[in-house]
Amino acid sequence: MGMRGHRMEKGDRPRLDRLFLRRFLTLQSVLFPRWMSENTLMLLTLLVVALTGQLVVYQVGILPSQFYGVLSDQDLGGFRRLAVFALMLIFAISVLRSMEQYISKLVYVNCRKVMTEHLHRAYFNNLVYYTLSVEHPYVDNPDQRMTQDVERLCRELGSVASKLLTTPFTLVYYSYQCAVSTGWMGPLSIFGYFVIGSLLNRLLMGPVIPKLIQQEKLEGDFRFKHVEIRVNAEAAAFTRAGSVEHSRTARRLQHLISAQKELMNQELWLYFGTNTFDYLGGILSYMAIAVPIFAGVYKDLSSAELSELISKNAFVSIYLVSCFSQIIDLSSSLCDVAGYTHRIAELDEVMGRILQGQKNEEEEGSDKLERFDGAFVLDDVTITAPGTDDTLVRNLTLHVKKGHNILITGETGSGKSSILRVLAGLWLPKRGNVCVFTPFGPHGVLFLPQKPFLSDGSLREQIIYPLKDVYPNSGQVDDDRILRSLDMSGLTCLLSRTGGLDQKVEWKW
């Protein structure tokens, strides 16, 4: 049986392209599925609050020019009224900015909840969590993608949401104000500055994204190594494997540090580009203001009136440049968003293909064999391990009936466990048909894994695992059967060690 699904080729580098755009829009459809969904309504509320804040920002920004006017005229009454008005504006902008930050945090938390639940529904559905790790190993660290990558993606989106929402409106408004004050040369020079800065940052971002994805992969591998040692600490201790595990963990750390340094080297040029354009923007605003002044447009104004006008125009030009600078500064955040988007969307796409493949196989195999009075039927089945063509079992025909015992013997690696994996639906046969006529669980067949697994929960939850409730349900808390089971197995000591049936326990050993 060959490796299923799409395999990422060596030269298949994630980048800012149509694939990124498609994946990004797919994830956004998960986060914002309908106009009346909770996330969409919060985003619209954020837009209203942010735009209101921008209106107040404009009023605050032209306050210095108004103060120039009343101070030049020595108007005490006007100064008092303006001071009170300024205090009211400052209070209003403080409230609006606080609400904007609060709603952005709510958007981040709720987006993380929605995205994680979406991935969990696919991951825990129909053995996808097993098929993903066995047949799609190129999808590295799915746990990291569903936890850390989702958290970071949603945090980045929440932090830049208000900027992305308000930027189009502020650009149009301040471009108009700038054109009124400085003529067409002012906004045109600022637009040119933005275009050049965007193209340069687009070139600088290209090498950063694959480096970021590689670093996240190695972060997951390094963390998994520590988890592996913690879970298998006793086995490592028996074999005195501390020194060899130390060297192997150090090797993974070295690979991670090397990847981080490569990422930092690429980010250096990106930081250089963004910082250069940040400071150039401050000078450009004064150049735009200087054009109408030296052209004699305002030669009839007095020094006080000219100072007031320069102050107002300086705010408009500087704020317009600031809006474009913010867009350029978002390039580093866009690199992070692109990296996390590729990793999360790839996981989502592979899980979707697994579920669709399982659905198609169930439909194709549902009518192949007639109903059989038993549990399983294997008809001329050939089994190979996932990802290889090495045959483990060839041309096996087997009928498993209720009340009949079957003992399968053989040497290690001969395929005994592989037959059980096929019966349980974990593996698909390379050839032949497998039909299951009984449900899995207490109603039908129960498979016991070779390696015991203790999930989180109380002693009661461990005993009835993988059920959520005792079966059959007697309608009341049925402790007698559980206590009898502990007594028959000689494990009544667990009651005192765990503090009872319903105390939460960390099952580390």
Side-chain angles (χ1 to χ4, degrees), residues 1-7 26-27 29-30 33 113-147 149-150 343-369 371-372 374-379 381 383-387 400 417-457 461 464-469 471:
M1 180 171 57
M3 188 77 71
R4 294 181 180 82
H6 166 73
R7 178 182 293 276
T26 300
L27 295 185
S29 67
V30 174
K113 171 179 175 291
V114 171
M115 181 60 69
T116 305
E117 288 177 347
H118 169 76
L119 295 174
H120 280 180
R121 280 192 294 271
Y123 187 68
F124 292 106
N125 185 20
N126 205 13
L127 304 177
V128 169
Y129 54 90
Y130 176 82
T131 307
L132 186 67
S133 62
V134 173
E135 299 185 10
H136 303 270
Y138 63 90
V139 183
D140 59 273
N141 303 301
D143 57 316
Q144 181 187 20
R145 299 185 188 219
M146 288 185 288
T147 53
D149 291 353
V150 168
R343 286 176 57 80
I344 296 170
E346 182 187 34
L347 173 64
D348 189 39
E349 291 166 359
V350 172
M351 291 193 297
R353 287 198 294 268
I354 292 174
L355 289 172
Q356 186 60 45
Q358 291 174 345
K359 181 180 178 181
N360 295 338
E361 288 164 358
E362 289 175 0
E363 292 175 353
E364 293 173 0
S366 58
D367 299 325
K368 285 186 177 179
L369 291 180
R371 179 71 188 180
F372 171 72
F376 301 96
V377 172
L378 273 69
D379 181 31
V381 167
I383 303 173
T384 60
V400 180
S417 299
S418 301
I419 297 176
L420 293 178
R421 293 187 180 101
V422 171
L423 290 176
L426 303 184
W427 290 5
L428 294 175
K430 182 178 181 180
R431 191 180 69 247
N433 299 317
V434 178
C435 288
V436 181
F437 298 113
T438 186
F440 295 108
H443 303 276
V445 176
L446 179 66
F447 288 84
L448 296 179
Q450 292 176 310
K451 183 179 179 181
F453 172 54
L454 292 177
S455 182
D456 57 333
E461 291 170 326
I464 66 175
Y465 188 85
L467 301 177
K468 295 180 180 179
D469 301 299
Y471 176 83

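Residue numbers count from 1 along this sequence.
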- Task: Could you tell me which non-hydrogen atom of F437 sits nearest to which non-hydrogen atom of C435, and how far apart they are?
- Result: CZ-CB, 3.7 Å

- Note on the structure: D143 meets the side-chain hydrogen bond (donor to acceptor under 3.5 Å, both in side chains) criterion, sequence neighbours left out, with R223

- Task: For residues F447 and L420, report the shortest heavy-atom separation together with the two atoms involved.
- Result: CE2-O, 3.8 Å

- Message: Can a donor-acceptor pair be found, under 3.5 Å and without considering hydrogens, that links the side chain of R145 to the backbone of D140?
- Response: yes

- Query: How about L423 and L378: do any of their side-chain heavy atoms sit closer than 4.5 Å?
  - Reply: yes

- Got a sec, which residues hit side-chain contact (heavy atoms from CB on, under 4.5 Å) with S133, two or more places apart in sequence or on another chain? none

- Test side-chain contact (heavy atoms from CB on, under 4.5 Å) applied to L127 - qualifying residues, sequence neighbours left out: Y129, L426

- Evaluate the side chain to side chain contact (heavy atoms under 4.5 Å, CB included) criterion for residues E135 and I354: first the C-alpha distance (whole Å), next the side-chain angles of each, then the deciding distance (0.1 Å), finally the verdict. CA-CA 10 Å; E135 299 185 10; I354 292 174; over 6 Å; no

- Task: Evaluate the side-chain proximity of V114 to H118: yes if any heavy-atom separation is below 4.5 Å, no if none is.
- Result: no

- Query: Hey, what do you get for CZ (R421) to CD1 (I383), rounding to the nearest 0.5 Å?
  - Reply: 10.0 Å

- List the atom of V128, the atom of Y123, and the distance in Å for their closest heavy-atom pair. CB-O, 3.6 Å

- Identify the two heavy atoms, one from T384 and one from W427, that lie closest to each other, and give their separation to 0.1 Å. O-CE3, 3.9 Å

- What heavy-atom pair brings P429 and G432 nearest, and what distance separates the two atoms? CG-O, 4.0 Å

- Is there a side-chain contact between L132 and L347, using heavy atoms and a 4.5 Å cut-off? yes

- Task: Give every residue pair that meets the salt bridge (Lys or Arg N to Asp or Glu O under 4.0 Å) criterion with at least one member in residues 114-128, sequence neighbours excluded.
- Result: K113-E117

- In chain order, what residues pass the side-chain contact (heavy atoms from CB on, under 4.5 Å) check against Y465, with sequence neighbours excluded? F453, S455

- Query: Listed by chain and number, what are the salt bridge (charged side-chain N to carboxylate O under 4.0 Å, His left out) partners of D348, not counting sequence neighbours?
  - Reply: none

- Query: Would V30 and L119 satisfy side chain to side chain contact (heavy atoms under 4.5 Å, CB included), going step by step from the backbone distance to the final call?
  - Reply: CA-CA 10 Å; V30 174; L119 295 174; over 6 Å; no

- Message: To check you understand the geometry: which heavy-atom pair defines the closest contact between V434 and V422, and what is its length?
- Response: CG2-CG1, 3.6 Å

- Note on the structure: The reported gap from CD1 in I344 to CE in M146 (rounded to nearest 0.5 angstrom) is 10.5 Å

